[in-house]
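As structure tokens, the structure follows; a few thoughts come after it.
No experiment lies behind these values; they were computed from the predicted model shown.
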Amino acid sequence: MDEREALRRLATDLPHAGDDAAVVDGTVITTDMLHERTDFPSGTTRYTAGWRAVGASLSDVAAMGADATAAVAVYADVAFDPDEIDAFLEGARDVCAAVDAEYVGGDLDTHQEFTTATTAFGETAAPVYRSGASAGDAVCVTGEWGRSAAALRLFESGDEAAVEHANELFRFTPRVAAGRALSGHATAMMDSSDGLARSLHQLAEASEVGFGIDRNAVPAHEAVSDVAEGPKDRWELAAHFGEDFELVAAVPEAELAAVREASPTPITRIGTVEPSAAGVTVDGEALPDRGYTHGDGY
């Protein structure tokens, strides 16, 4: 059983499960676990790990169109190095500050590898779920794609300057402000932790629709061009690698201009919502449901 099938089984008994976060009386709650072996390539600093781990949970809050309020984390390792703990906390605080939230503490534990579990909270009176897209809506994304894929290749190079740049790429800004701009307009939305292609399939399944995507419209991060081995590889890194933590949303055509004006992050239209029978396609061809698989790691 893979993660998606496990989530489907859980959702049968847990009515709040199945979206990026649970919403209980207007409070948004989400949690994530990351491990050194699967989530932090060699060369990832503890500052970057703190930023990225807490940022992953804050991204789920953003996907619900909520204001981020606070975050906590569990820090577990084979030994407690005070400098590494301090660096992790600094990264956690800084990513919270970037989205006007507060890092408020957590827990320490020992473990056979560096592992962190993070929980973030938010508030919204009008959450955006994955299940409301309708045929004719515009398919939109925030930001640029492939930065994590580019970072991994830089980490793998082992070059000191490249690894430093890889850490910078790994420290993404959660799209909380863009999520708020989309809230009230978007009919469906999620964050892209598993990659653009897989996110589109997940949204299509939840909303019972199809998507027609324009490959050339997908905005790739400039770092992708620096590491990609041609156009095919560039598309693979941007669409299928995952872990970019951008937002994917369906927006009624008439409201797209208002969303773009309100969002501090660029909103790019990459396609159109189609009837479910159309499936998920890119340039008229089936788009494979392939992306980041939790547990497999990098």
Side-chain angles (χ1 to χ4, degrees), residues 3 32-59 73-95 98 110-118 143-174 191-198 218-246 290-298:
E3 182 193 26
D32 295 277
M33 181 179 291
L34 289 82
H35 304 276
E36 185 168 33
R37 179 180 60 84
T38 56
D39 297 291
F40 302 117
S42 177
T44 306
T45 66
R46 282 294 189 266
Y47 176 82
T48 296
W51 180 296
R52 188 170 179 83
V54 174
S57 290
L58 291 169
S59 182
V74 174
Y75 180 101
D77 208 344
V78 294
F80 294 142
D81 182 309
D83 291 337
E84 290 188 344
I85 293 174
D86 287 348
F88 179 91
L89 289 175
E90 185 181 3
R93 289 194 187 101
D94 285 352
V95 72
T110 55
H111 196 52
Q112 64 264 33
E113 66 171 325
F114 170 57
T115 298
T116 180
T118 60
E144 297 172 318
W145 296 72
R147 61 184 293 153
S148 287
L152 180 62
R153 294 202 174 168
L154 293 171
F155 276 123
E156 290 173 342
S157 75
D159 176 78
E160 184 176 350
V163 169
E164 182 178 353
H165 186 34
N167 274 280
E168 293 170 355
L169 290 171
F170 250 30
R171 297 193 294 268
F172 65 93
T173 300
D191 95 325
S192 63
S193 56
D194 295 340
L196 176 59
R198 181 150 291 171
V218 175
H221 193 280
E222 62 181 3
V224 173
S225 295
D226 295 336
V227 302
E229 299 171 356
K232 183 177 179 180
D233 189 38
R234 182 177 182 272
W235 172 251
E236 183 71 22
L237 299 182
H240 293 287
F241 183 87
E243 296 286 280
D244 285 320
F245 301 100
E246 296 290 353
R290 190 176 72 253
Y292 184 82
T293 300
H294 293 270
D296 289 350
Y298 298 120

Nearest heavy-atom pair of [X] and [Y]: which atoms, and what distance?
X	Y	answer
Trp51	Ala98	CH2-CB, 4.5 Å
Asp244	Arg147	OD1-N, 3.1 Å
Pro174	Val95	CD-CG2, 3.7 Å
Ala238	Leu196	O-CB, 4.3 Å
Pro41	Leu152	CG-CD1, 3.8 Å
Val163	Gly43	CG1-O, 3.7 Å

query: Is the NZ or CZ atom of Arg52 both under 6.0 Å from the centre of the six-membered ring of Phe245 and within 45° of that ring's axis?
result: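 No; the conditions do not both hold, so Arg52 does not lie above the ring face of Phe245.
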Can you find a heavy atom in the side chain of [X] that is under 4.5 Å from one in the side chain of [Y]?
X	Y	result
Arg46	Asp81	no
Glu156	Val227	no
Phe114	Thr44	no
Trp145	Pro219	yes
Glu90	Asp86	no

- request: Would you please test His240 and Trp235 for side chain to side chain contact (heavy atoms under 4.5 Å, CB included) and show each step?
  value: CA-CA 8 Å; His240 293 287; Trp235 172 251; 4.0 Å; yes
query: Are Asp94 and Tyr47 close enough that a side-chain donor and a side-chain acceptor fall under 3.5 Å?
result: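 There is such a pair between these side chains.
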task: Would you kindly say whether Asn167 and Thr48 are connected by a side-chain donor-acceptor distance under 3.5 Å?
output: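 Their side chains do contain a donor-acceptor pair, which is all the 3.5 Å distance test asks for.
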- prompt: So, the side chain of His35 versus the backbone of Arg37: is there a donor-acceptor pair under 3.5 Å, distance only?
  reply: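 Not at all, since once roles are kept as given, no pair shorter than 3.5 Å links the two residues.
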Using 0.5 Å steps for rounding, measure from the [atom1] atom of [X] to the [atom2] atom of [Y].
X	Y	atom1	atom2	value
Phe172	Glu246	CZ	CD	9.0 Å
Thr118	Leu58	OG1	CG	8.0 Å
Ser148	Asp39	OG	CG	10.5 Å
Leu169	His221	CG	NE2	5.5 Å
Thr116	Leu34	OG1	CG	7.0 Å

- prompt: Are any of the side-chain nitrogens in Arg290 or Glu236 under 4.0 Å away from the carboxylate oxygens of its partner?
  reply: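 Yes, this pair counts.
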Residue Glu113 excluded, over 12 heavy atoms near CD under 6.0 Å: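 More than 12 within 6.0 Å, yes.
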- prompt: CD of Glu222: more than 12 outside heavy atoms within 6.0 angstrom?
  reply: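 It does not: Glu222 CD has 12 such atoms or fewer within range.
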Single hit among Asp159, Asp226, Asp233 for salt bridge (Lys or Arg N to Asp or Glu O under 4.0 Å) with Arg153: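 Answer to the salt bridge (Lys or Arg N to Asp or Glu O under 4.0 Å) test with Arg153 among Asp159, Asp226, Asp233: Asp233.
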